[in-house]
Amino acid sequence: SPMAADYSLNTLSLESGADNGTAVYSEDDAAAAAHSTDHAKIIYTANLSLESKDYDAARAALDAALAEAGGYLESSSEYSDAGDSRSVSLTYRVPQQNYENFLAAVAEAGNVTYKNQQADDVTAQYMDVETRLENLKNQRTRLQQLQISRDNRRISVQLQQQADNLSDLLEIESSLTDVQSQIESWQSQMDWYNNQVEECTVYVSLSEVSTYSPPSEGFG
């Protein structure tokens with residue numbers, strides 16, 4: 001019977017039986033498919049620490065760089081110590097196509113004391129979620145066809161055989177509810193991946209100083 005498949009968000013392998021007609025994909029299958037795609041899904045993240053003798057000018061430069069990149073300020077926390085020295089922690093989100101230019105502009109806003117960049121390739125995970133969604137939507141369509149055919153009493157031979165295995169319409173509706181819930185969960189996961197890929201995250205820490213720190217050995 002076309003009961004709802006249960007896809008756990010905590011696993012990467014797609015586990016669904018042959019009875020419900022869904023394909024079975026492993027993590028290796030998703031990884032292999034990822035290598036063949038022309039559209040890699042990469043999440044870029046950067047951390048920079050800056051210091052400036054002119055704090056207000058540095059903040060203005062950061063604001064201008066953000067506007068130029070077409071990004072937005074996600075969060076900020078500003079501090080001031082007893083000596084009136086100010087500092088701020090900023091979290092920026094910028095479109096991936098403007099990511100490198102934005103980093104260069106940020107580096108020009110003050111003296112860079114620390115810089116770290118990270119690129120996480122999530123193509124395999126993304127394609128795995130995409131496959132799960134497609135299978136669930138196909139299953140939802142089959143269940144909807146059963147529901148409509150049973151209501152209207154116009155059932156094909158194949159659908160009638162499947163419908164006979166269900167106790168009543170409530171069982172179909174219960175399966176539909178379960179499938180729809182899983183679709184919404186996996187769609188939320190895909191939306192998160194899309195958001196993280198399309199908009200890079202840049203963490204910037206800016207401190208007001210009277211003298212710049214000496215460059216660290218090996219700082220590249």
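Because the structure is a prediction, the values reported are computed rather than measured.
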Here the side-chain hydrogen bond (donor to acceptor under 3.5 Å, both in side chains) pairs for residues 40-50, sequence neighbours left out, are none
What pair of heavy atoms forms the shortest contact from [X] to [Y], and how long is it?
X	Y	answer
Val179	Leu136	CG1-O, 3.4 Å
Leu50	Thr113	N-OG1, 4.4 Å
Ala61	Ala109	CB-CB, 3.9 Å
Val129	Gln189	CG2-CG, 3.9 Å
Cys200	Tyr99	CB-CD1, 3.5 Å
Thr201	Thr91	CG2-CG2, 4.0 Å

Within the structure provided, determine whether [X] and [Y] are in side-chain contact (heavy-atom separation under 4.5 Å).
X	Y	value
Tyr126	Asn194	yes
Asp128	Arg132	yes
Gln117	Leu103	yes
Leu143	Arg140	no
Trp186	Ile183	no
Leu48	Asn116	no
Glu198	Gln96	no

d(Met127 CE, Met190 CE) to nearest 0.5 Å is 10.0 Å
Rounding to 0.5 Å, atoms OG (Ser207) and OH (Tyr79) come to a distance of 10.5 Å
- Task: Would you check, one step at a time, whether the test side-chain contact (heavy atoms from CB on, under 4.5 Å) holds for Leu206 with Glu51?
- Result: CA-CA 5 Å; Leu206 172 65; Glu51 55 185 17; 5.9 Å; no
From the list Ile43, Ile42, Asp120, side chain to side chain contact (heavy atoms under 4.5 Å, CB included) partner of Gln196 resolves to Ile43
Any chance the side chains of Gln139 and Asn135 put a donor and an acceptor closer than 3.5 Å? no
Establish, from distance only, whether the side-chain atoms of Ser89 and Ser205 form a donor-acceptor pair under 3.5 Å.
no
Give a yes or no on whether Val209 and Leu62 share a hydrophobic cluster (residues Ile, Leu, Val, Met, Phe, Trp, Tyr; joining criterion: side-chain heavy atoms under 4.5 Å apart). no
Path from Leu73 to Tyr55 over hydrophobic side-chain contacts below 4.5 Å
yes
Stepwise side-chain hydrogen bond (donor to acceptor under 3.5 Å, both in side chains) check, Asp54 with Ser52: CA-CA 5 Å; Asp54 191 338; Ser52 176; 5.8 Å; no
Those residues at least two apart in sequence (or on a different chain) that pass side-chain contact (heavy atoms from CB on, under 4.5 Å) with Asn138 are Glu134, Arg142
Glu184 meets the side-chain contact (heavy atoms from CB on, under 4.5 Å) criterion, sequence neighbours left out, with Gln180
Exercise for review: Evaluate the side-chain contact (heavy atoms from CB on, under 4.5 Å) criterion for residues Gln187 and Gln182: first the C-alpha distance (whole Å), next the side-chain angles of each, then the deciding distance (0.1 Å), finally the verdict.
Suggested key: CA-CA 8 Å; Gln187 185 63 57; Gln182 292 185 60; over 6 Å; no
Open item on the list: How about OH on Tyr203, more than 12 heavy atoms from neighbouring residues, nucleotides or ligands closer than 6.0 Å, or not?
Closed with: no
request  = Would you check, one step at a time, whether the test side-chain contact (heavy atoms from CB on, under 4.5 Å) holds for Glu199 with Val94?
outcome  = CA-CA 5 Å; Glu199 294 184 339; Val94 296; over 6 Å; no
**Q.** Proximity of Phe102 and Tyr92 rings by center, below 6.0 Å
**A.** yes
Glu100 meets the side chain to side chain donor-acceptor pair (under 3.5 Å) criterion, sequence neighbours left out, with none
Sequence neighbours excluded, the answer for salt bridge (charged side-chain N to carboxylate O under 4.0 Å, His left out) partners of Arg93 is Glu74
Sorted by chain and number, sequence neighbours left out, salt bridge (charged side-chain N to carboxylate O under 4.0 Å, His left out) with Glu208 holds for Arg86
